[in-house]
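Every value quoted in this text rests on a predicted model; they were computed, and no experiment measured them. Throughout, a chain's letter reflects where its sequence line sits, starting with A, and its residues are numbered from 1.
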Amino acid sequence: MSYLLNTPDDKVDMLKKIGATSIDDLFSNIPDSVRMKRLLDIPKSLTEIELTRHIDLLANANLSAERSVCYLGGGSYDHFIPAVVDTVSSRSEFYTAYTPYQAEASQGSLQAFFEFQTMISQLTAMDISNSSLYEAGSSLAEAILMAMAITGRSGTVLVAETVHPEYRLSFTTYLANLEPKVVTVACPGGKMCLNDLASKLDDSVCCVIVQHPNFFGNLEEVEEISKLVHAKGALFVVAYDPISLGILKKPGEYDADIAIAEGQCLGNPMIYGGPYLGLLSCKEAFVRKIPGRLVGQTVDRNGKRCWVLTLQTREQHIRREKATSNICTNQGLFALRAAVYLAAVGPKGLTETAELCFRKAHYLMDLLCKIPGVKPKFNLPFFKEFTIELPCNAQLIIDSLVDDGILAGLSQARWNPNLVNVMTIAVTEKRTRSELDNYAAAFGAAVNSFIAHDKSKAFKS
Amino acid sequence: MSYLLNTPDDKVDMLKKIGATSIDDLFSNIPDSVRMKRLLDIPKSLTEIELTRHIDLLANANLSAERSVCYLGGGSYDHFIPAVVDTVSSRSEFYTAYTPYQAEASQGSLQAFFEFQTMISQLTAMDISNSSLYEAGSSLAEAILMAMAITGRSGTVLVAETVHPEYRLSFTTYLANLEPKVVTVACPGGKMCLNDLASKLDDSVCCVIVQHPNFFGNLEEVEEISKLVHAKGALFVVAYDPISLGILKKPGEYDADIAIAEGQCLGNPMIYGGPYLGLLSCKEAFVRKIPGRLVGQTVDRNGKRCWVLTLQTREQHIRREKATSNICTNQGLFALRAAVYLAAVGPKGLTETAELCFRKAHYLMDLLCKIPGVKPKFNLPFFKEFTIELPCNAQLIIDSLVDDGILAGLSQARWNPNLVNVMTIAVTEKRTRSELDNYAAAFGAAVNSFIAHDKSKAFKS
Amino acid sequence: MDKSQSTGLLFEISHKDRRCHLLPDCDVPIKSSSELLDKKYLSNQSTGLPEIAEIDLIRHFINLSTKNMAIDCNFYPLGSCTMKYNPKRHERLGSLGGLSNVHPLQDDKTCQGMLEILWEMQNYLGEIAGLDGVSLQPAAGAQGELTALLVAAAYFKDKKEHRTKVLIPDSAHGTNPASAAIAGFDTITIKSNANGRVDMEDLISKIDDKTAVFMITNPNTLGLFDEQIVKITDLIHKAGGLVYLDGANMNAILGITRPGDFGADMMHYNVHKTFTGPHGAGGPGSGPIAVRKQLIPFLPAPIIIKTTDGFKLDYDRPKSIGRVRSFFGNVGILLRGYFYIRTLGPDGLKQVSENAVLNANYLLSLLKDSFDIPHGDRCMHEFVASARNLRKEKKISAMDIGKRLLDYGYHAPTVYFPLVVSEAMMMEPTETESKETLDSFAATLIKIRDEDAEFLHNAPHSLDISRPDEVRAAKEPVLRWKK
Amino acid sequence: MDKSQSTGLLFEISHKDRRCHLLPDCDVPIKSSSELLDKKYLSNQSTGLPEIAEIDLIRHFINLSTKNMAIDCNFYPLGSCTMKYNPKRHERLGSLGGLSNVHPLQDDKTCQGMLEILWEMQNYLGEIAGLDGVSLQPAAGAQGELTALLVAAAYFKDKKEHRTKVLIPDSAHGTNPASAAIAGFDTITIKSNANGRVDMEDLISKIDDKTAVFMITNPNTLGLFDEQIVKITDLIHKAGGLVYLDGANMNAILGITRPGDFGADMMHYNVHKTFTGPHGAGGPGSGPIAVRKQLIPFLPAPIIIKTTDGFKLDYDRPKSIGRVRSFFGNVGILLRGYFYIRTLGPDGLKQVSENAVLNANYLLSLLKDSFDIPHGDRCMHEFVASARNLRKEKKISAMDIGKRLLDYGYHAPTVYFPLVVSEAMMMEPTETESKETLDSFAATLIKIRDEDAEFLHNAPHSLDISRPDEVRAAKEPVLRWKK
Ligand SMILES: Cc1ncc(COP(=O)(O)O)c(C=O)c1O
Ligand SMILES: Cc1ncc(COP(=O)(O)O)c(C=O)c1O
């Protein structure tokens, strides 16, 4: 075993020094009644050559975005990852270090996380940011816990129906045995209904949650919502798309109190849903209610600038059941990747990336809506993701485009059985015009064939 | 441009300091008559996203060993490369350093090369080894230049016909305008004819070159050759397969004077022929005639053990036209990779790798020779590569197996038009029994179909 | 060697108009956002992100990296963290495009390879736990704890039992009580006895019909296997409660004993510890949970099932608690766990624990004559030494020793945890270290003990910085750079 | 930070029976070599290779790496070596399986993507050279020189001209005369004049009907463009000789002037310099050559041609000199050159040279008041300063300065080359460095000049080792570890 270093001779020497007769002897504390009398029932060991072959086969059994053209979104996107991100994140010293508890031996990561916190704050125009949470869904849960602590209110959490259904489910699960009720604000036209919001807002509401752009890709009326929410003393929690901030208003610009996001798009692979990167920013005043690790600047004994984990009294390892959160292990490596990504794209690159996503998404939307029977589901402004209504079951189209090597989009029926003909499509800066043209052509052909098929069926019956 | 750091503002400041009016001004030494008046006729620049797409397409247009099962050999082999090799060689500090001229700032590479020199010497049972040459063909040329200098003979270089034709062509080209004649020793039965060797060996012969295992995969009678060569005061130069030394006699064991090899098999990718790794080892006495860089151990001013480039007076930057070789840039990174590879496999791993190659190659040979009409071309012992004779044109079989995703082997007709039905096949430790079985089945089917086709043609005519 | 080039803060080395990542020109005939979108949506404010060229970006981060200790460079005996070697083959395989570029919402039939690996992983983790159902969803150990406690709450609610208390030993990790709080439980602390085990009297006195869950870490954070475990789990079960095993220390018992076999009903794994995910200076992790049969209906959705029609994500789980995060789970770490389990096999996994325990006992044996080791001569995969006597005698603290170790190229042990031992130094060598490394580490520790106290108070002496002013950091927090 | 763990020699940390790379069991029913092969073929001797576990292997090499300077960490103004930044995208793309796993003897039709890239590269290099034919075969600059000289020899032989001499300026790189010798020529040295250019009188006096080739480096190793170039090439051509351009300094003139346009008939590229192959602490390189039309028939085989039937390796070259190595060439480096050229495009390549020259002149302007710069106030992409006055006045040598720079985190310039300047310090900043870096480098150099001489003789002071005893290394060479 290449990961086990003790040779038979070593073991003899070591046991002698320990004063034990056998390795088994070391386990004598474990009652015999509960000791395994057989080997674990898992497959036998594989050498690197065998494992590589095995995994190659399984990897090739996936229609990954490497071998297809991917229009799937819903919180995970096929954005381009510059090579520098991999170069940095694969450095042994970043990759195989633990949490930087020993600041003196961790200045590399600590400075990088401080830069990460700064860049996320710059990006969002928020005062401060923590050094990562798991991903967006649980980050919203953390934001709600924060809001409860800050406002002292624990009656209701209002959430737009257009927030990602998996995010909604996640924080609802977190809150299952806590006080607040989660109440949905209706979004009949594809964005939050301000009247419904106003009618549900009262003094018991601790926060209002909006995703912008929302799950259908539509932009929300964040400025007006912000005013309404603040008028009732609740906190405004927004889930944003980091890439969109290359062009869209930043959460700080519309006075969000807590801004969270899925940071996968910042240089992290889609890898079937995780590890991803929960981003959380807020106003300065809330600093002691923040969940998760914070890196702060200080000086060493010689007055040299340096960085440490700080305000640890918020955290579980000190405050235990009174901690602001139960999080311990976070997503450090992905925060590092996001830091490298943001520094690599810079202010101009981020805007250009956002603009490319925007223009290509709009181009595709236009093309698709030229197909007879296909039309926008909503007539709302959007960023890189949009929702259309088809003259047939969206899943049929999705299935049929798989054969063209296209992952066509998300059928909304997955989350809402009333939306079988509705599909949401995401377009990133990676897509070329010819890919978009091909997609529209294949899409049109598929729609036509299903309609023809339906018609002929109708005709026959 | 992300690789150009001077912004327009920088340029203004810099030109001012220089005292130049424009960048053009800096080129005023170049006569106007020879300055380019147009842009270079090369394609316009690509961003990383575009370049990645472009190269992905071209890479996918190759039937690489990643997407096929590769039985090609002839000096380059589809051996397994453990992940640790890539991890180490991609370290910035190894990857982006120059030649270790400043020893104090290069102890990492210098120690690694010293270890490399040691392991190549251990592997070959030779006294000393240099720290790399380009690849095997030119390494043989260097070996001949060495042999000339050592023996003071410059009449003839004897080379077995079974040495890789590209190696033979390479050193013959090097010697084009120098004294020695290259004379081929016949190998009628697939290995060097000792009688022919004896008849050609005289006092003008500076060295005799043998490849073992040879280009057909056969083992040569190195011990007897060694005796014959030494009896005439010539040097015995052998080109070996590093992997074979896991089981076969080492050059030092049969008293080779200079041992060279292609080191691609030691953890280096096939990458269409290069960069590869020329290995050169020899007897201690020849140390001052060695080509290329040598790392030596010494101490620093505090008596601390350290390593430096040494015996540089052999080299071109000091000795100029009298240097032992013209080599400057070598294959440092690939020497490092080989060092990691050898340390990773260790003595047992090397033997096991060699044994797997050996057994699988013999298994495949047996299977293939059960196909009617297929037989061994030679009845000689071999290691991992063997040569068979087919009842049809070998290239036809090779072409036909491409459709099965198999790179079947090398048609010897490429180098010898008399050998159209002869094919050489290499088998590495990566091949599984089921791959070998599938290969033999596909091979048999192809042979049968061509024979049937030929028969039917014969019948018709 | 000076490796400080370009290590100023990114914002300080930023230079107007420098670029690293360039974007292609737009190839579609569509107006820009400023023309197509209402102005109210558009930002008026630049991000202020730094402007850096590629070479400076690389030098910045590569040079920063050299200021870290890491397993690939240093022995890292950080107790409770299982800092074992991260095999390089995992990184190569985990970054294969066919795995890393799979979208989380792809239809099942387009990612059967991925589903197969994860389905197998569900099974392996069930088998290793000796439990019946597994959810791979939780992102880390803490989220695993929370998930399992939510499952327990749902289970009791379903049984219409009103149980409000979670009992937790005082030696437990802080995530246990923190998770219990979010899950809506009251936490009750159980004392440790003089041997570092659960104080049975205290436990018995606190069990009642409101007891929902007893959370135990076994081996516990002192590195001790609580041999009372069967008695304890029986007691809890008799009271109608459930036993939760904090699996952070599974590295000690793989294939040797199984939580399900000694009475645990639920547990989490820290895949990033036991099955060697790289820690990435803080994360990511992966905290799957395993549960006993009666709890399966309450697990988060989806679970992977194998059907005649291939592998499928099963969302049809009416009693499920829901989900604790978006998407499937921390797949990247689960993949590494899979690679590791497949590489080791049943023999190998058992040997992992045997050697982890052997190494810890060997290190203990080397140190026991020189250091105060409160809980005896034997341990499991880790043990806790204490500097309390040194502190009294020579004013040398656990912190001083830890800091001084850094000078010698060793990462410090976990200090001041668990809370039940004063001046605790918790050492976990793991099975991937050699006897030679343990020998020199022990020799260094013994040497440090005899060094001048004042000198130790000022350690480390050879690192990038000396001890940071943590009080100042917390008092006037500077959490971001500002112009 | 101490990063010395496991950095003893591999043979010293070797431990019996440790393993890293394990092999699968044999799955074919075939006897072992010892049963199937005659004993005479089998080794009686173990290799003695070290036995190392994976963690120690990784620590060994990762920790060793930290003892190197490298472009990714440090400014590296090593003259003549063009130590420019190595873009990270190149490593990602160059290691794609579809490129790196192509076998050199695959049939052309199975590797059209590879052939297309290399065919394009042939064309680009011809266009940049202003010459007609290209061979990508040579493995490095020196082999390019040799190949081109062999081509010249074959050309003259074909013309039945007996020309035996190669003329080489004294400022030339050592590979030039060394290559000429292997190609069978006599080398004749041409003096440099006081301006660092070719001494025309000396040149003219040495040209005769035995002159085969004049090898010139232009810009030369002093960083000067020899404006006499057209006159020189005319003279050589009139005498029936050929002009060879050593292209090591192409970084100064990309898209600005072309060797073919100023009269060179043959040249080599150092793709690893000009087109940024990573240097790997010594190699690999790639040294393609470009030649004028009349020399094309003599180029090594194969050359890639484009046919209606796709790209093909053309071996049908009856007058070819043969080959200088096995297989196609150093493809890995050629690929990187291709990536680079495609990334920069025509504008970008020109800007590379403009900025390389701008940076060198800027650095020169910062240093010229403090250091002796023998060849004037202007240069191309590099320049040579001299410590000869410092040596006289303060006994400070170029070596002292170079060594002291290491303490400040800068690699030393090339010292004692070219041989025509005493106490030479040859500085080539390249275009990938910033003004800020040049400013601080210059400030450091000026500071060093004023440091104590004795202190400088003992520099470096902060590296892993102090100055090594090179005499001892050469006197009793220890070229390998022995038990
Ligand atoms: C004993 C124990 N329990 C729980 C945890 C929490 O696990 P995680 O950090 O993965 O959330 C840890 C690790 O930090 C631990 O050591
Ligand atoms: C001027 C000059 N010519 C030739 C060479 C030789 O090139 P290579 O090292 O690639 O063989 C070099 C570089 O080392 C050089 O600087």
Region of A/T432 that comes under 4.5 Å of a non-hydrogen atom in chain C:
both
The interface call for A/E355 against chain C, heavy-atom contacts under 4.5 Å, is side chain
Does any donor atom in the side chain of C/Y41 or C/S33 lie under 3.5 Å from an acceptor atom in the other side chain?
no
Using heavy-atom distances under 4.5 Å, tell me whether C/D377 contacts chain A through its side chain, its backbone, both, or neither.
neither
Which atoms of A/A20 are under 4.5 Å from chain C, going by heavy atoms: the side chain, the backbone, both sets, or neither?
both
Assert top hit (heavy-atom pairs under 4.5 Å, partner chain C, pool A/K304, A/K250, A/H362) equals A/K250
Bottom line for C/I321: the part with an atom under 4.5 Å from chain A's heavy atoms is both
Would A/R301 and C/S466 count as having a side-chain donor-acceptor pair, cut-off 3.5 Å?
no
Honestly, the part of A/R293 sitting under 4.5 Å from a heavy atom of chain C is side chain
Please state whether the side chain, the backbone, both or neither of C/R258 comes within less than 4.5 Å of a heavy atom of chain A.
both
Distance-only side-chain donor-acceptor flag, A/S121 / A/S129, under 3.5 Å
yes
Please flag which part of C/K350 lies under 4.5 Å from any non-hydrogen atom of chain A: side chain, backbone, both or neither.
side chain
Side chain from CB out, backbone as N, CA, C, O: work out which of these in A/D78 comes under 4.5 Å of a heavy atom of chain C, or both, or neither.
neither
What part of C/F185 gets within 4.5 angstrom of chain A, counting heavy atoms only: side chain, backbone, both, or neither?
neither
Heavy-atom proximity to chain A below 4.5 Å, by part of C/D27
both
Most chain C-contacting option - heavy-atom pairs closer than 4.5 Å, from A/V84, A/L123, A/D10:
A/V84
State whether a side-chain donor-acceptor pair under 3.5 Å links A/E115 with C/H60.
yes
When you look at A/I18 and C/L358, which way does the side chain to side chain contact (heavy atoms under 4.5 Å, CB included) test go after all the steps?
CA-CA 9 Å; A/I18 294 167; C/L358 176 62; 3.7 Å; yes
Using ring centroids (six-membered ring only for Trp), state whether A/Y98 and C/Y76 fall under 6.0 Å.
no
Could you go through the side chain to side chain contact (heavy atoms under 4.5 Å, CB included) check for C/L9 and A/T118 one step at a time?
CA-CA 10 Å; C/L9 284 169; A/T118 303; over 6 Å; no
Please look at C/I256 and chain A and tell me whether the side chain, the backbone, both or neither of the residue comes under 4.5 angstrom of a heavy atom of that chain.
both
For chain A, which of C/P87, C/C73, C/G141 has the most heavy-atom pairs under 4.5 Å?
C/P87
Below 4.5 Å, heavy-atom pairs only: which of A/I128, A/N6, A/V308 has the largest tally toward chain C?
A/N6
Looking only at A/A105, A/S109, A/P269, most heavy-atom pairs under 4.5 Å shared with chain C are made by A/A105
Measure distances from C/N270 to the heavy atoms of chain A and classify the residue's part below 4.5 Å as side chain, backbone, both or neither.
neither
For the pair A/N62 (side chain) and C/M114 (backbone), establish whether a donor and an acceptor sit closer than 3.5 Å, ignoring hydrogens and angles.
yes
Heavy-atom distance under 4.5 Å to chain C: side chain of A/S92, backbone, both or neither?
both
Between A/D366 and chain C, with a heavy-atom cut-off of 4.5 Å, which part of the residue counts as in contact: side chain, backbone, both or neither?
side chain
Report which part of C/K31 has an atom under 4.5 Å of a heavy atom belonging to chain A: side chain, backbone, both, or neither.
backbone
Could you look at A/L407 and say if it's the side chain, the backbone, both or neither that has a heavy atom under 4.5 Å from chain C?
side chain
Checking heavy atoms, do the side chain of A/L178, its backbone, both or neither come under 4.5 Å from chain C?
side chain
Do A/Y3 and C/Q351 have side-chain N/O donor and acceptor atoms under 3.5 Å apart?
no
Any idea which of C/E51, C/Q106, C/Q112, C/E433 has the most non-hydrogen atom pairs under 4.5 angstrom with chain A?
C/Q106
Whatever's closer than 4.5 Å to a heavy atom in chain C on A/L169 counts as both
Please name all residues satisfying side-chain contact (heavy atoms from CB on, under 4.5 Å) with C/T257, sequence neighbours left out, ordered by chain then number.
A/I30, A/V34, C/F225, C/I253, C/F262
Please rank A/E253, A/E352, A/K44, A/R67 by heavy-atom pairs under 4.5 Å with chain C and give me the top one.
A/E253
If we ignore angles and hydrogens, is there a donor and acceptor under 3.5 Å between the side chains of C/N330 and C/S286?
no
Within this structure, what is the OH-CD distance for the pair A/Y95 and C/E91, rounded to the nearest 0.5 Å?
3.0 Å
Greatest number of non-hydrogen atom pairs under 4.5 angstrom with chain A, of C/I341, C/L57, C/D261, C/I52, falls to C/L57
Do A/K249 and C/Q45 get their side chains close enough for a donor-acceptor pair, meaning under 3.5 Å?
no
Structural part of C/L349 lying under 4.5 Å from a heavy atom of chain A:
side chain
Using non-hydrogen atoms and a 4.5 Å limit, figure out which bit of A/I318 sits close to chain C: side chain, backbone, both or neither.
neither
Chain A contact via C/V28 - side chain, backbone, both or neither, heavy atoms under 4.5 Å:
both
Chain A heavy atoms under 4.5 Å from C/A281: which part of the residue, side chain, backbone, both or neither?
both
Using side-chain contact (heavy atoms from CB on, under 4.5 Å) as the criterion, list what pairs up with A/H317, not counting sequence neighbours.
A/Q312, A/E315
How close do A/G75 and A/Y167 get, counting heavy atoms only, and between which atoms?
CA-OH, 3.9 Å
At their closest point, which heavy atom of C/N359 faces which heavy atom of C/E431, and how far apart are they?
ND2-CA, 3.7 Å
I need the minimum non-hydrogen distance between A/A176 and C/L150, along with the two atoms involved.
CB-CD2, 4.4 Å
Would you mind telling me which of A/G349, A/G19, A/G346, A/A354 has the largest number of heavy-atom pairs within less than 4.5 Å of chain C?
A/G349
Looking only at atom types and distance, does a side-chain atom of A/R319 sit under 3.5 Å from a main-chain N or O of A/T313, one as donor and one as acceptor?
yes
Counting only non-hydrogen atoms closer than 4.5 Å, does C/E54 touch chain A with its backbone (N, CA, C, O), its side chain (CB onward), both, or neither?
side chain
Sort C/L23 into side chain, backbone, both or neither according to what part of it lies under 4.5 angstrom from a heavy atom of chain A.
both
Note: vs chain A, highest number of non-hydrogen pairs under 4.5 angstrom among C/R18, C/M380, C/K40 is C/K40
Using 30° and 60° as the class boundaries, would you call the ring planes of C/F417 and C/H173 parallel, tilted or perpendicular?
perpendicular
Counting only heavy atoms closer than 4.5 Å, note whether A/K348 contacts chain C via side chain, backbone, both or neither.
both
Heavy-atom pairs under 4.5 Å with chain A are the metric here; pick the option from C/G184, C/P29, C/P477, C/A412 that has the most.
C/P29
Please state whether the rings of C/W481 and C/F11 are parallel, tilted or perpendicular, taking 30° and 60° as the class boundaries.
parallel
Is A/N60 close to chain C through its backbone or its side chain, or both, or neither, when contacts mean heavy atoms under 4.5 Å?
neither
Side-chain donor-acceptor pair present, C/S326, A/E135, cut-off under 3.5 Å
yes
Please look at A/E223 and chain C and tell me whether the side chain, the backbone, both or neither of the residue comes under 4.5 angstrom of a heavy atom of that chain.
side chain
